[in-house]
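Each residue takes its place number in the sequence, starting with 1. Here the structure is a predicted model, which means the values were calculated and not measured.
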Amino acid sequence: MVLVNSNMLALGTSAPDFRLPNTEGRMVSLSDYRGAPALLVIFMCNHCPYVKHIRKALARLAGEYQTKGVAIVGINSNDVKNYPDDHPDKMSEEVADVGYTFDYLYDESQEVAKAYSAACTPDFFLFDRGLKLAYRGQFDDSRPGNNQPITGADLRAALNTVLAGGEVPELQMPSVGCNIKWKPGNEPDYFKQ
């Protein structure tokens with residue numbers, strides 16, 4: 001496991017396009033979320049201890065904000081050959097086990113992760129109604145073993161601000177987690193071991 005911070009993509013960046021299969025095999029695209037007051041894109045996986053640490057709280061947060069119209073999508077870009085716990089079959093099991101109410105997509109080529117400059121799991125990207133990046137940072141201060149409560153405070157504050165039509169402050173704490181498991185030879189330029 002390589003512990004990394006998110007790359008902090010430039011605020012105001014347009015949401016990169018994607019078209020990926022969900023756990024039921026249905027293709028899901030960025031265009032499916034146009035018109036939502038906010039779009040939250042989460043790079044995540046099944047096996048990462050940082051994702052496991054927040055997964056129940058993330059499922060609750062997602063359910064709460066989906067009722068407010070927020071569009072939410074999870075994307076798994078990990079190399080499933082070397083990390084079989086992240087295979088699409090296991091993703092379906094994870095959705096059922098955790099109770100995720102959002103689409104969980106599989107980025108086999110890893111090109112979507114690269115388009116977002118995603119670096120870790122979890123890695124959060126919150127876009128406003130115009131699909132411009134408003135927040136890219138941590139869920140909250142909690143990490144496995146640090147005994148901080150899992151509240152989702154940072155992400156909640158950003159979501160509330162975007163829903164109210166405001167601007168999220170530029171000072172944002174990066175997300176921290178396991179590196180995305182790149183296929184050998186497919187590592188992006190920004191990946192540092």
Side-chain angles (χ1 to χ4, degrees), residues 5-24 26-45 51 54-77 91 95 98-107 109-141 150-177 180 190:
N5 290 344
S6 54
N7 280 327
M8 306 303 279
L9 189 63
L11 294 173
T13 298
S14 294
D17 202 6
F18 58 82
R19 181 172 159 73
L20 299 169
N22 69 6
T23 54
E24 298 165 358
R26 181 176 56 84
M27 296 304 287
V28 177
S29 302
L30 177 65
S31 62
D32 294 335
Y33 302 109
R34 290 198 191 283
L39 168 64
L40 176 61
V41 177
I42 310 160
F43 286 86
M44 54 190 281
C45 67
V51 176
I54 66 164
R55 66 186 192 156
K56 293 288 188 183
L58 176 59
R60 285 191 301 274
L61 179 143
E64 176 185 338
Y65 281 90
Q66 283 175 306
T67 65
K68 298 176 182 185
V70 175
I72 301 174
V73 62
I75 300 176
N76 171 16
S77 299
M91 291 169 60
V95 167
V98 181
Y100 291 135
T101 54
F102 52 85
D103 281 314
Y104 191 11
L105 313 181
Y106 178 47
D107 176 24
S109 72
Q110 302 183 315
E111 292 305 309
V112 175
K114 289 179 182 179
Y116 280 76
S117 293
C120 59
T121 54
D123 211 347
F124 299 96
F125 298 84
L126 176 61
F127 298 89
D128 64 18
R129 181 180 297 279
L131 296 178
K132 300 294 185 188
L133 186 63
Y135 179 79
R136 72 296 190 241
Q138 67 180 5
F139 190 69
D140 57 28
D141 290 329
I150 305 169
T151 62
D154 293 59
L155 184 55
R156 281 179 186 282
L159 282 159
N160 291 338
T161 299
V162 170
L163 287 173
E167 279 194 34
V168 180
E170 287 189 30
L171 182 58
Q172 301 171 5
M173 296 300 298
S175 190
V176 175
I180 288 181
Y190 59 80

Let's go through Asp107 and Phe18 carefully: what are the C-alpha distance in whole Å and the side-chain angles of both, what is the deciding distance for side-chain contact (heavy atoms from CB on, under 4.5 Å) to 0.1 Å, and is it a yes or a no?
CA-CA 9 Å; Asp107 176 24; Phe18 58 82; over 6 Å; no

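Outside the 6.0 Å centre-distance limit, the rings of Tyr135 and Phe124 are not counted as a close aromatic pair.
Annotation: the span from Cys45 atom SG to Tyr106 atom OH amounts to 12.0 Å, rounded to 0.5 Å. Taken from CE in Met173 to CG in Asn5, the straight-line distance is 8.0 Å, to the nearest 0.5 Å.
Checked against ring-ring contact (aromatic ring centres under 6.0 Å, His included), Phe43 has the following partners two or more places apart in sequence or in another chain: Tyr116, Phe125. Under the salt bridge (Lys or Arg N to Asp or Glu O under 4.0 Å) criterion, Arg26 pairs with Asp103, not counting sequence neighbours.
Contact annotation: the side chain of Ser14 never approaches that of Leu131 to less than 4.5 Å [non-hydrogen atoms, C-beta and beyond]. Residues Leu40 and Leu155 are in side-chain contact: their nearest non-hydrogen atoms beyond the backbone lie under 4.5 Å apart. Put simply, the side chain of Thr13 does not reach to within 4.5 Å of the side chain of Arg136, judged on heavy atoms. Looking at heavy atoms from C-beta onward, Leu159 lies in side-chain contact with Leu61 at the 4.5 angstrom threshold.
Residues Ile54 and Pro122 approach most closely at CD1-CG, 3.9 Å, considering heavy atoms. Closest approach of Leu126 to Leu133, counting heavy atoms only: O-CD1, 3.5 Å. For the residue pair Ser77 and Ala113, the shortest heavy atom distance occurs at OG-CB, 3.3 Å. Nearest approach of Ala38 to Leu163, heavy atoms of both residues: CB-CD2, 4.5 Å. Contact detail for Val162 and Asp128: the closest heavy-atom pair is CG1-CA, 3.9 Å. Shown here for Ala119 and Asn7, the closest heavy-atom pair between the two residues is CB-ND2, 3.7 Å.
Judged as a side-chain hydrogen bond (donor to acceptor under 3.5 Å, both in side chains), the pairs with a partner in residues 152-165 (not counting sequence neighbours) are, in order, Glu64-Arg156, Tyr65-Asn160, Gln138-Asp154.
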